[in-house]
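Following: one structure in structure tokens, then a few remarks.
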There are 2 protein chains.
Amino acid sequence: MSKCEQCIIRQFNSLKALTKDELVRISACKTSKTIKKGEVLFEEGEHINGVFCIKDGVCKVSKMSENGRDQIIHLIKKGDLLGERSLINDEASNLKAVAVNDMEVCFIPKEEIVRDLEKNPNFTMDILKNMASSLKEADNVIVDMAQKTVKQRLAATLLYLNDKFPKRENGSIDVHLTREDVANIIGTATESAIRLLAEFKKKEFIKLKGKEIFVIDTTNLKQIAQGL
Amino acid sequence: MSKCEQCIIRQFNSLKALTKDELVRISACKTSKTIKKGEVLFEEGEHINGVFCIKDGVCKVSKMSENGRDQIIHLIKKGDLLGERSLINDEASNLKAVAVNDMEVCFIPKEEIVRDLEKNPNFTMDILKNMASSLKEADNVIVDMAQKTVKQRLAATLLYLNDKFPKRENGSIDVHLTREDVANIIGTATESAIRLLAEFKKKEFIKLKGKEIFVIDTTNLKQIAQGL
DNA sequence: TTTAAAACATGATATTTGTCAGGTTTTGAG
DNA sequence: CTCAAAACCTGACAAATATCATGTTTTAAA
């Protein structure tokens, strides 16, 4: 079992604010898990009671709408923390998380890390800063969902994926999303997502090879995302 | 100038976590303002450098989309704090705030209250809890914007307004929103909002008298909001 | 009180998006 | 490898929504 105090992943999230002693204690109680593509990390309504530190892979975090369709709200990747909110309130999760690529994660139980939230102001402030930044990002998503067309949102999403996620050797985005996943990110019907992907392909803004997506023409995609 | 330590409004927000001494100090440096309907509290891109404590009235908090239309993201009312995020990061505001009714607000400068964020863990935790709850709420809004029809969103918004805002003596919701404001909350064209309001009126789910809105049939509005 | 601007309203029409139906291709378990 | 399930794709059509045009009513400033 690897040791948190030697793990470089923590540099990418709030765990970097923990002291060496705190990390040693956390290391002793954390569990490491391998999660295969398609497996569930947690369900809506479940009490998570801890945080996941993502060492590798990607998962989709979604919420079922009253209309019965899943809306993907976040994609969580290597270096991210998942489930911070479970440390702050005692509510059940309003979200579901499913692995999109195979994952390596560590799980830190709430009761061990909550103390640090109370005792280490650096850690608290870092969590607070992240929340503030997530909230700002959420504002942007709300505006985009409310005001942009499906085509604009797809263009923006492709740029986001291309920007934030690793590439395979051949240059495609290394995230195993189905067309339905893409539709559930932008909030549209699967058929609409497929049609627009085909349109972007035809215009040579992107290349498609099975589930692999290659972003080619960022300039034009940016223009479309902005509604020009 | 009224004193914070004697002000009951703070019971409704995170300021309740401050000690008496802290409140006395804050009281000495805060400024009270009257803001008339239509006046701007702050603009997008402005550095707020403090928090507003809303003693009375309502304001709309919005963000301009790339498409050039304003999206209202929050309605802030009596008892709420506005601008907490300015305490946490040093970025300019991504949002604009405009009074919708006449307002009474107090402004607490950042430099005076930031100390309390550092020194008083109760205050920090309360801010953190509020952020977590806002984030959860933002998730819900994203799902609704992405998945619900305009009609569903209007029904949900009417129920929200009816639930969260004071009523006038005659029973109408005491928030002075134009049709354009309503459209900018639900993310649609003004004409569409007008048409749907007329439809709800015809079906007697609501009553309209000028800008006054009376919610009558919550049962049917709930059904519509849920897409039944 | 007057009056120009803003807000409200409605019809006609265009565009976007969803739904349904029918196929083909890909995937992964056995 | 085989083959059923899942994912993908496309067309036709329906529904939702935006846009444009035009007229009326309300509001608030002079």
Side-chain angles (χ1 to χ4, degrees), chain A residues 36-39 60 65 67-71 98-102 144-155 157 172 175-202 206-213 224-225 227, chain B residues 36-39 60 65 67-72 98-102 144-157 172 175-202 206-213 224-225 227:
Chain A
K36 286 226 152 43
K37 189 179 69 174
E39 285 180 4
K60 55 182 175 182
S65 88
N67 293 11
R69 210 159 26 203
D70 230 28
Q71 178 64 35
V98 177
V100 153
N101 291 0
D102 292 346
D144 286 354
M145 286 295 178
Q147 302 278 3
K148 290 193 169 175
T149 65
V150 174
K151 192 184 286 191
Q152 286 180 286
R153 288 179 344 237
L154 176 60
T157 297
S172 70
V175 183
H176 192 95
L177 296 173
T178 65
R179 299 292 189 260
E180 188 180 7
D181 287 333
V182 173
N184 290 349
I185 293 171
I186 65 183
T188 191
T190 307
E191 294 95 325
S192 299
I194 289 173
R195 260 184 261 271
L196 288 169
L197 281 170
E199 180 185 330
F200 285 176
K201 178 187 175 180
K202 195 172 169 187
I206 60 174
K207 222 169 58 181
L208 298 173
K209 193 182 286 181
K211 258 180 259 300
E212 291 187 89
I213 300 175
I224 290 190
Chain B
K36 287 226 154 40
K37 188 180 69 175
E39 285 180 6
K60 55 182 175 183
S65 88
N67 292 11
R69 207 150 39 195
D70 229 28
Q71 177 65 34
I72 297 178
V98 177
V100 153
N101 292 0
D102 293 346
D144 286 355
M145 287 294 178
Q147 302 278 4
K148 290 192 169 176
T149 64
V150 174
K151 192 185 288 190
Q152 286 179 286
R153 298 198 310 256
L154 176 59
T157 297
S172 71
V175 182
H176 192 94
L177 296 173
T178 65
R179 300 292 188 259
E180 188 181 6
D181 286 334
V182 173
N184 290 349
I185 293 172
I186 64 183
T188 190
T190 306
E191 295 95 325
S192 299
I194 290 172
R195 262 184 259 270
L196 287 169
L197 282 171
E199 181 185 330
F200 285 175
K201 178 187 176 182
K202 195 172 170 192
I206 60 173
K207 222 169 60 183
L208 297 172
K209 192 182 284 177
K211 256 180 261 300
E212 291 187 88
I213 300 175
I224 290 189

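The sequence lines fix the lettering, A, B, ..., with proteins before strands; numbering per chain opens at 1.
- Neither side chain, Q147(A) nor S65(B), offers a donor N or O lying under 3.5 Å from an acceptor on the other.
- Note on K37(B): a side-chain N or O is less than 4.0 Å away from OP1 or OP2 of dA28(D).
- In this structure, Q147(A) atom CD and dT16(C) atom P are separated by 16 Å, rounded to whole Å.
- Side-chain contact between R195(B) and E191(B) is present, with heavy atoms from C-beta onward closer than 4.5 Å.
- The side chain of S192(B) contributes no N or O atom lying less than 4.0 Å from OP1 or OP2 of dT17(D).
- Looking at which nucleotide of DNA chain C each of K151(A) and H176(A) is closest to, the 5′-most match is held by K151(A).
- Residues K60(B) and D70(B) fail the side-chain proximity criterion, which asks for heavy atoms closer than 4.5 Å.
- Two residues are said to be in side-chain contact when any heavy atoms from C-beta on lie closer than 4.5 Å; E180(A) and N184(A) meet this criterion.
- For E191(B) against dC20(D), a side-chain-to-base donor-acceptor contact under 3.5 Å is present.
- Side chain of R195(B), nearest nucleotide from dT19(D), dT10(D), dT19(C): dT19(D).
- Atom P of nucleotide dT25(C) and atom CD1 of I194(A) are separated by 15 Å, given to the nearest angstrom.
- Nucleotide dT26(D) holds its P atom 13 Å from the NZ atom of K209(B), rounded to whole Å.
- Atom pair N67(B):CG and dT17(D):P shows a separation of 17 Å (rounding to whole Å applied).
- A straight line from CZ of R179(B) to C1' of dT10(C) spans 14 Å, rounded to a whole angstrom.
- Counting only heavy atoms from C-beta on, V150(A) has its side chain closest to dT17(C) among dT17(C), dT19(C), dC9(D).
- In terms of position along DNA chain D, the nucleotide closest to G210(A) lies nearer the 5' end than the nucleotide closest to the other residue of the pair A146(A) and G210(A).
- Between K211(A) and the phosphate of dC8(D), there is a side-chain N or O to OP1/OP2 separation shorter than 4.0 Å.
- Distance, N184(A) CG to dA7(D) P: 11 Å, rounded to whole Å.
- Taking 4.5 Å as the limit, some side-chain heavy atom of I185(A) sits within range of a side-chain heavy atom of L177(A).
- Among the heavy atoms of the strands lying under 4.0 Å from T188(B) are primed sugar atoms or P, OP1, OP2 only; no base atom is included.
- Atoms NZ (K148(B)) and C1' (dG18(C)) sit 18 Å apart, rounded to a whole Å.
- Closest approach to the T149(A) side chain among dC8(C), dT17(C), dA7(D) is made by dT17(C) (side chain taken as heavy atoms from C-beta onward).
- The distance between atom CD of E180(B) and atom C1' of dC8(C), rounded to the nearest whole Å, is 11 Å.
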